[in-house]
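As the structure is a prediction and not an experimental result, all values here were calculated from the model.
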Protein chains: 2
Amino acid sequence: MTRRLAEVAKKVGVSEATVSRVLNGKPGVSEATREAVLTALDVLGYERPTQLRGDRARLVGLVLPELQNPIFPAFAEVVGGALAQQGFTAVLCTRTVGGVSEADYVHLLLQQQVSGVVFAGGLYAQADAAHGHYELLHERGLPTVLVNAAVERLDFPQVSCDDVVAAEIALAHLRALGHERVGMVLGPKDHVPSRRKLETFRAGGGDPELVEHTMFSLEGGHAAAARLVARGVTGVICASDLLALGTVRAVRRAGMSVPGDVSVIGFDDSALMNCTDPALTTVRQPIDAMGRAAVDLLVAQIDKAVVPADELLYEPELVVRASTARVRA
Amino acid sequence: MTRRLAEVAKKVGVSEATVSRVLNGKPGVSEATREAVLTALDVLGYERPTQLRGDRARLVGLVLPELQNPIFPAFAEVVGGALAQQGFTAVLCTRTVGGVSEADYVHLLLQQQVSGVVFAGGLYAQADAAHGHYELLHERGLPTVLVNAAVERLDFPQVSCDDVVAAEIALAHLRALGHERVGMVLGPKDHVPSRRKLETFRAGGGDPELVEHTMFSLEGGHAAAARLVARGVTGVICASDLLALGTVRAVRRAGMSVPGDVSVIGFDDSALMNCTDPALTTVRQPIDAMGRAAVDLLVAQIDKAVVPADELLYEPELVVRASTARVRA
DNA sequence: TAAGCGGTTGCAAATATTTGCGTGATCCGG
DNA sequence: CCGGATCACGCAAATATTTGCAACCGCTTA
């Protein structure tokens with residue numbers, strides 16, 4: 001009775017083949033016909049058999065803001081691997097300079113009928129307008145997980161690194177080394193993890209005057225840190241390793257040394273940070289565990305399990321290397 | 001019934017041919033007629049057939065072997081950006097641990113009806129079996145470009161960094177610094193760029209006994225370099241920056257210093273190599289130019305232009321930093 | 001294991017668009 | 001007013017796209 005696809009076909013007055021082609025986004029269907037079929041699909045509330053969808057696509061979108069910061073490729077590697085083990089394939093979507101917006105990617109992924117989407121370090125920078133595509137995902141009930149990218153108001157499961165702990169242990173480390181004038185180099189003002197670190201910093205007695213916001217790049221870190229160095233900080237906590245590297249450069253440019261004159265702490269513990277000069281003391285995000293958790297949450301959703309839209313917080317840990325030292329007497 | 005173009009033609013009172021010419025901006029239509037057709041087109045709300053109009057998905061697959069080596073994310077960024085400027089979207093496909101093979105990705109991409117595929121540092125490791133999927137691409141006539149990944153026998157356009165020049169300038173640099181016992185740390189034996197470097201090394205009088213093959217990772221470099229160090233080399237040329245970093249570590253583990261006792265040269269000039277300890281002397285691949293060229297070649301193919309299946313060779317350049325020095329007296 | 005149920009796909013017919021070529025109209029310079 | 005050149009345009013052939021038919025595939029059920 002439920003010649004489901006056939007039913008739609010009859011309603012529109014086309015063959016089942018055509019409906020099938022529309023369903024699969026195949027070429028060879030005129031725009032007008034496609035439109036008509038899509039409408040009928042909607043009207044009749046067609047739902048493709050679950051097993052077929054899974055069988056064919058098994059694609060998962062992985063949306064990252066950039067690839068410059070080594071933490072993102074690393075994360076992609078973890079998530080891609082974890083997905084592969086579950087029989088999914090990751091499609092990486094990265095914002096590029098002239099390029100494609102996050103919303104565009106969402107449409108694209110939707111059109112490609114992905115089984116789910118993982119966002120990492122996503123679109124924090126927009127207040128209102130940009131949430132449309134998240135809502136779209138929500139409406140369509142597409143399994144979604146957010147990593148380190150709090151989106152208020154929408155209840156997606158989230159996996160994050162605990163920024164409060166991160167800021168606390170960084171600050172505690174510098175304090176223990178005797179540093180009093182501690183500064184902070186953060187990402188953009190509306191970047192949620194940065195905001196959380198700032199709050200913790202303040203709560204822990206940090207001087208809000210010694211906080212600089214910048215964009216997430218080595219050069220940004222350099223510029224922001226230069227301002228802090230001019231104000232006489234002896235320790236700097238950075239919101240990413242790249243920013244920390246920029247900070248090191250700024251300190252040296254000012255004729256001082258790390259950690260001799262200024263101690264620097266990074267965040268992420270991305271690859272190669274033990275090869276830098278000096279080896280960077282940093283707060284490690286457990287990206288391996290986080291990536292796996294994100295994938296588990298996603299797969300659970302895909303398997304129609306009920307997943308609470310909580311934020312799973314992962315504990316970072318301090319990795320002490322050579323960029324921090326006791327404050328100069 | 002919907003003789004769409006014919007309808008417009010009738011309304012204006014011209015032939016379909018004329019309407020077609022207007023549509024495609026072809027010459028041979030008077031201004032008045034063109035105007036009239038354009039108006040009718042507007043009035044009747046004519047839409048060109050899908051594939052002709054704005055093209056469908058405009059997806060391009062970008063297949064990379066890994067993301068650990070920072071050169072690959074960097075390359076992805078360049079290619080993704082260049083593609084975006086041309087109105088394409090890159091779908092990144094990366095081999096992951098448990099994961100998906102290159103052949104699987106090809107099938108996937110084919111199924112997603114991508115407009116083309118760019119391979120970088122692809123599947124060199126297999127001699128025979130693994131070429132099936134390349135042939136598949138060839139048969140289907142899917143636009144394809146290979147970067148640093150010579151595949152013999154199949155004529156795809158290729159963009160590569162000139163490994164001969166790379167090896168020559170690295171060797172010349174060390175020789176100029178007085179090094180006699182120069183070793184080499186290369187990738188797997190069947191990795192074409194490594195093989196080319198090896199040949200050049202030999203041709204330039206390098207000692208084949210001082211060449212080690214390993215996998216492309218810091219640890220691999222460490223292990224391979226340890227063997228060379230034991231044999232008393234004073235200079236090491238590496239096939240990637242990661243290998244070079246591993247080599248530095250091996251030298252230090254042996255109780256010696258870089259560049260004091262052993263000089264090390266990397267290859268790629270990936271990000272952050274000026275932040276390492278010591279800052280790495282390396283042979284820079286012009287990935288920006290290469291990425292752009294690859295995209296240009298791809299887009300030309302997509303636009304049905306005839307693209308010669310040549311290998312475009314890009315000249316690398318030596319970036320001298322602090323990991324090489326005059327040989328110890 | 002066969003039969004049935006969706007759904008997908010190869011193929012060829014139907015339909016639509018583009019293009020080469022020829023015709024007639026128009027425009028000029030003698 | 002007469003060629004000759006040029007141009008716009010239609011005809012029809014060439015080419016490309018859309019669509020339905022029917023065979024087929026993978027899965028479930030009898």
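In this structure, CG of Leu5(A) is placed 13 Å from C1' of dG20(D), rounded to the nearest angstrom. One atom, CD of Glu31(B), and another, C1' of dC9(D), lie 15 Å apart when rounded to the nearest Å. Distance, Arg34(A) CZ to dT17(D) C1': 13 Å, rounded to whole Å. With rounding to whole Å, Arg4(A) atom CZ is found 11 Å from dG7(C) atom C1'. The CD atom of Glu16(B) sits 11 Å away from the C1' atom of dT15(C) (whole-angstrom rounding).
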List the steps and the verdict of side-chain contact (heavy atoms from CB on, under 4.5 Å) for Leu38(A) and Leu41(A). CA-CA 5 Å; Leu38(A) 249 16; Leu41(A) 245 26; 4.0 Å; yes

Show, in sequence, the C-alpha distance, side-chain angles and deciding distance for Leu83(B) and Leu62(B), and conclude whether the side-chain contact (heavy atoms from CB on, under 4.5 Å) test is met. CA-CA 10 Å; Leu83(B) 281 172; Leu62(B) 174 54; 5.8 Å; no

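Put simply, the side chain of Gln301(B) gets close to the backbone of Thr144(B): a donor and an acceptor are under 3.5 Å apart. Put simply, the side chain of Asn24(B) never gets that close to the backbone of Lys26(B): no donor and acceptor are under 3.5 Å apart. Judged by distance alone, with hydrogens and angles left aside, the side-chain atoms of Asn148(A) form a donor-acceptor pair with the main-chain N or O of Cys161(A) at under 3.5 Å.
Salt bridge status for Arg292(B) with Asp296(B): absent, with no side-chain N to carboxylate O gap under 4.0 Å.
Remark: nothing in residues 36-44 of chain B comes within less than 4.0 Å of DNA chain C through any heavy atom. Of the residues in residues 17-30 of chain B, Ala17(B), Ser20(B), Arg21(B), Asn24(B), Lys26(B) come within less than 4.0 Å of DNA chain C through at least one heavy atom, sorted by number.
For dG7(C), the OP1/OP2 oxygens have a side-chain nitrogen or oxygen of Tyr46(A) closer than 4.0 Å.
Between His138(A) and Phe156(A), the ring planes are perpendicular. Angles over 60° get that label, and only those under 30° would be called parallel.
With sequence neighbours excluded, no residue forms a side-chain hydrogen bond (donor to acceptor under 3.5 Å, both in side chains) with Glu315(B).
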